[in-house]
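Notes follow once the structure below has been shown.
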Amino acid sequence: MSEKYDAIVIGGGLGGLSAAATLAKNGQKVLLLEKHYRPGGYAGSFVRGRFEFEIALHQISGLNLEAKRGSLYRSLENLGITKRVDFIRLPTVYRSVFPDIDITLPAGRENAEGVLVDIFPHDSEGIKRFLDRVDATNQALSTLQRGAASEKEKKEIKENFFAYKDATLAEVLNKDVKDPKARAVIAQIFAYFGLPPSKVSYLIYALGWGDYLRYGGAQIRGTSQVLCNAFVDIVREMDSDVRFNCGVKKILTEGGRVTGVVTDADEKINSDYIISNVNPITTCAELIGVDKCPSSIFQTMNTKELAVGSICVYMGLDIPQEELGIDDFEIFINSGYDFESLWEKIRTGIEPEDFGLAIYNAAYPDASPPGTTIAVLTTTSYAEPWYKVPPSKYVETKNRVADIMLTKAEKFAPGIREHIEVVEVSTPLTNMRYTGNPGGSIYGWPYAPKESIMYRLPQEGPFKGLYFAGAWTQIGGGFQPCIMSGMMAAQKVIAGIMKK
Ligand SMILES: Cc1cc2nc3c(=O)[nH]c(=O)nc-3n(C[C@H](O)[C@H](O)[C@H](O)COP(=O)(O)OP(=O)(O)OC[C@H]3O[C@@H](n4cnc5c(N)ncnc54)[C@H](O)[C@@H]3O)c2cc1C
């Protein structure tokens with residue numbers, strides 16, 4: 001029988017890592033069990049040839065590196081992460097290329113407003129109104145997080161935050177901005193969120209896009225693996241434990257509360273508190289067991305759709321970035337302005353339409369060895385169409401899909417194909433294989449209003465002592481939300497331990 005831990009964290013994705021580090025930093029003896037050989041889940045890196053590729057991160061929000069530091073930065077600072085990780089502020093939000101408009105949106109409210117108003121002068125009032133609204137929503141969230149002090153602040157939170165809890169981006173944006181092209185430029189990172197403007201939550205969009213726009217998103221020097229490794233180092237330095245290649249196959253329960261886990265190697269480890277960073281579907285159905293969990297949890301989860309997955313074409317190029325002739329980090333290449341019909345095609349098809357091109361050396365030049373460049377093509381994709389591909393045709397199909405994306409990218413970056421030294425392609429099925437997430441979903445449940453913020457699955461699991469952390473639960477998917485989610489779950493566990 002192993003020693004008893006104050007808490008066990010299952011899964012070393014961002015939610016699990018931040019939960020374990022928060023627990024350890026607060027004096028709890030914690031054990032993190034990760035089935036893969038490295039920490040991170042979707043976050044992190046992989047190596048092919050002489051290139052180390054970032055798996056996921058395009059932009060992390062919540063850091064506010066230029067000014068007084070954002071809430072995520074301050075939380076990471078408390079854990080000792082910011083001393084170990086070099087966050088790099090991105091000067092532009094994105095470059096958006098349409099058939100007849102090519103616009104680069106700089107970070108900083110005034111700069112971004114200037115560019116938008118310059119291109120769409122006829123819609124300048126509406127654009128300013130929308131940007132003010134987004135600012136007010138972000139401000140309301142900050143006030144909410146620190147606790148509203150006055151009646152005036154409470155009113156502002158009600159009007160600028162809670163009033164939008166059921167609103168989609170299109171419902172809000174379309175009232176302010178009239179030109180469909182201006183709307184498309186503003187809604188461009190619907191591609192990040194995986195739902196079109198008519199379906200994505202306004203609050204989620206305003207918080208993500210608003211943060212990138214106002215403060216600039218960030219990259220991590222050396223890939224997000226550096227961040228994940230830093231969490232692990234902190235856990236270990238605090239005399240707690242992390243085990244890799246150590247999956248969990250059972251969560252043990254007794255009398256309505258969790259009592260421990262059984263690993264894939266059949267080791268039983270006891271603890272009264274478990275934070276599961278494994279998606280809640282697998283946690284409840286497989287790790288605990290359908291017969292043991294209350295049926296209400298499955299009823300809640302069965303009614304939900306899954307968020308989108310991704311297709312990535314990771315390329316190591318044998319030429320320096322300057323020779324590629326592209327200065328921007330994140331470029332969205334669009335065939336048109338109608339994101340609604342584009343999303344319908346994404347839902348049902350495999351063949352990618354539009355995509356993003358990220359040049360990591362534009363974020364920091366040493367992203368790859370001297371004289372080389374890392375370029376990644378990314379698009380969203382659902383697993384269902386991929387399930388229909390017979391296994392014998394899978395590799396051929398994903399290579400064909402990569403070829404389609406590359407052919408489109410060549411129009412924008414002529415000659416890119418000739419300079420590919422190594423290439424790797426991932427699909428929603430790759431996501432599933434490496435993280436176990438159903439459908440290869442990158443955000444858990446979709447970012448629709450009814451699945452977001454206060455509607456998101458609560459962190460408290462169906463047994464006492466069980467908490468969820470990560471994309472599927474509060475606050476939601478993405479780097480900032482998942483890290484915060486782990487910290488929040490850890491605080492709940494600490495509160496429970498203190499009460500005893
Ligand atoms: C291509 C791509 C691009 C993205 N770009 C961005 C971006 O630019 N900005 C942003 O904010 N977000 C981005 N995201 C989303 C973000 O990466 C995810 O939402 C986030 O990393 C999910 O973290 P998580 O805590 O839910 O854990 P996950 O990443 O889902 O990890 C779960 C972990 O649990 C482990 N596990 C599973 N089962 C078991 C078990 N039985 N026992 C032990 N361990 C187990 C898995 O191995 C895995 O390590 C992107 C994602 C992808 C795929």
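We use all heavy atoms of the structure for the numbers below, so side chains are in, but hydrogens, waters and symmetry mates are not. Just so you know, ligand 1 is whichever comes first in the structure, and atom 1 is the first atom listed for that ligand.
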Answer yes or no: does an N/O atom from [X] fall short of 3.5 Å to an N/O atom of ligand 1?
X: His58; answer: yes
X: Gly15; answer: yes
X: Ile10; answer: no
X: Gly247; answer: no
X: Ala471; answer: yes
X: Cys312; answer: no
X: Gln59; answer: yes
X: Thr435; answer: no
X: Ser310; answer: no

Nearest protein heavy atom with distance in Å, relative to [atom]:
atom: atom 49 (O) of ligand 1; result: Glu34 OE1, 2.6 Å
atom: atom 31 (O) of ligand 1; result: Gly13 CA, 3.5 Å
atom: atom 6 (C) of ligand 1; result: Ala56 O, 3.8 Å
atom: atom 23 (O) of ligand 1; result: Cys482 SG, 3.5 Å
atom: atom 29 (O) of ligand 1; result: Tyr42 N, 2.9 Å
atom: atom 39 (C) of ligand 1; result: Val278 CG2, 3.5 Å
atom: atom 41 (N) of ligand 1; result: Val248 O, 3.0 Å
atom: atom 30 (O) of ligand 1; result: Asn437 ND2, 2.8 Å

Mark yes when over 12 heavy atoms from residues, nucleotides or ligands other than Glu254 sit less than 6.0 Å from its CD; otherwise mark no.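 Counting other residues, nucleotides and ligands, CD of Glu254 stays at 12 neighbours or fewer.
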Counting only heavy atoms not in Arg257, do more than 12 fall under 6.0 Å of its CZ? yes
Which atom pairs, one a donor and one an acceptor, fall under 3.5 Å between side chains of residues 280-287 and the rest of the protein, sequence neighbours left out?
| from | atom 1 | to | atom 2 | distance (Å) |
| --- | --- | --- | --- | --- |
| Thr282 | OG1 | Asn279 | OD1 | 3.0 |
| Thr282 | OG1 | Asn279 | ND2 | 3.0 |
| Thr283 | OG1 | Ser276 | OG | 2.8 |
| Thr283 | OG1 | Val278 | O | 2.9 |
| Thr283 | OG1 | Asn279 | O | 2.9 |

Within the 6.0 Å centroid threshold, strictly below: Tyr364 and Tyr360: no
Are His36 and Phe244 near enough that their ring centres are under 6.0 Å apart?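 No: the rings miss the under 6.0 Å criterion.
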Should you measure from each heavy atom of [X], which atoms of ligand 1 turn up under 4.0 Å away?
X: Ile55; value: 1 (C)
X: Leu33; value: 43 (C), 44 (N)
X: Gly470; value: 25 (O), 26 (O)
X: Gly41; value: 29 (O), 31 (O), 48 (C), 49 (O)

Distance only, no hydrogens: is a donor on one side chain within 3.5 Å (strictly under) of an acceptor on the other, for [X] and [Y]?
X: Thr259; Y: Asp272; answer: no
X: Gln321; Y: Thr373; answer: no
X: Trp445; Y: Tyr455; answer: no
X: Asn361; Y: Ser368; answer: yes

Measuring from [atom], which candidate in [options] has the nearest non-hydrogen atom?
atom: atom 21 (O) of ligand 1; options: Thr283, Asn245, Val308, Leu14; answer: Leu14
atom: atom 24 (P) of ligand 1; options: Asn277, Thr380, Leu57; answer: Asn277
atom: atom 18 (C) of ligand 1; options: Ile251, Asn431, Ile442; answer: Ile442

Would you check whether [X] reaches within less than 4.0 Å of ligand 1, judged by its heavy atoms?
X: Tyr434; answer: yes
X: Ile483; answer: no
X: Thr378; answer: no

Under 4.0 Å between a Lys/Arg side-chain N and an Asp/Glu carboxylate O for [X] and [Y]?
X: Lys250; Y: Glu267; value: no
X: Asp135; Y: Arg109; value: yes
X: Arg417; Y: Asp403; value: yes

According to the interplanar angle, ranging from 0 to 90°, do the rings of Tyr212 and Tyr192 count as parallel (below 30°), tilted (30 to 60°) or perpendicular (above 60°)?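 Tyr212 vs Tyr192 ring planes: perpendicular.
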For ligand 1, is any non-hydrogen atom under 4.0 Å from Tyr192's backbone (N, CA, C, O), its side chain (CB onward), both, or neither?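 It is neither; nothing of Tyr192 touches ligand 1.
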I'd like to check the ring pair (Phe, Tyr, Trp, His ring centres under 6.0 Å) partners of Phe468; sequence neighbours left out, ordered by chain and number. none
Test applied, salt bridge (charged side-chain N to carboxylate O under 4.0 Å, His left out); reference residue, Glu451; option that passes from Lys304, Arg456, Lys199: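 Going through the options one by one, the only one that passes is Lys304.
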Would you indicate whether the side-chain heavy atoms of Leu23 and Ile494 approach each other to under 4.5 Å? yes
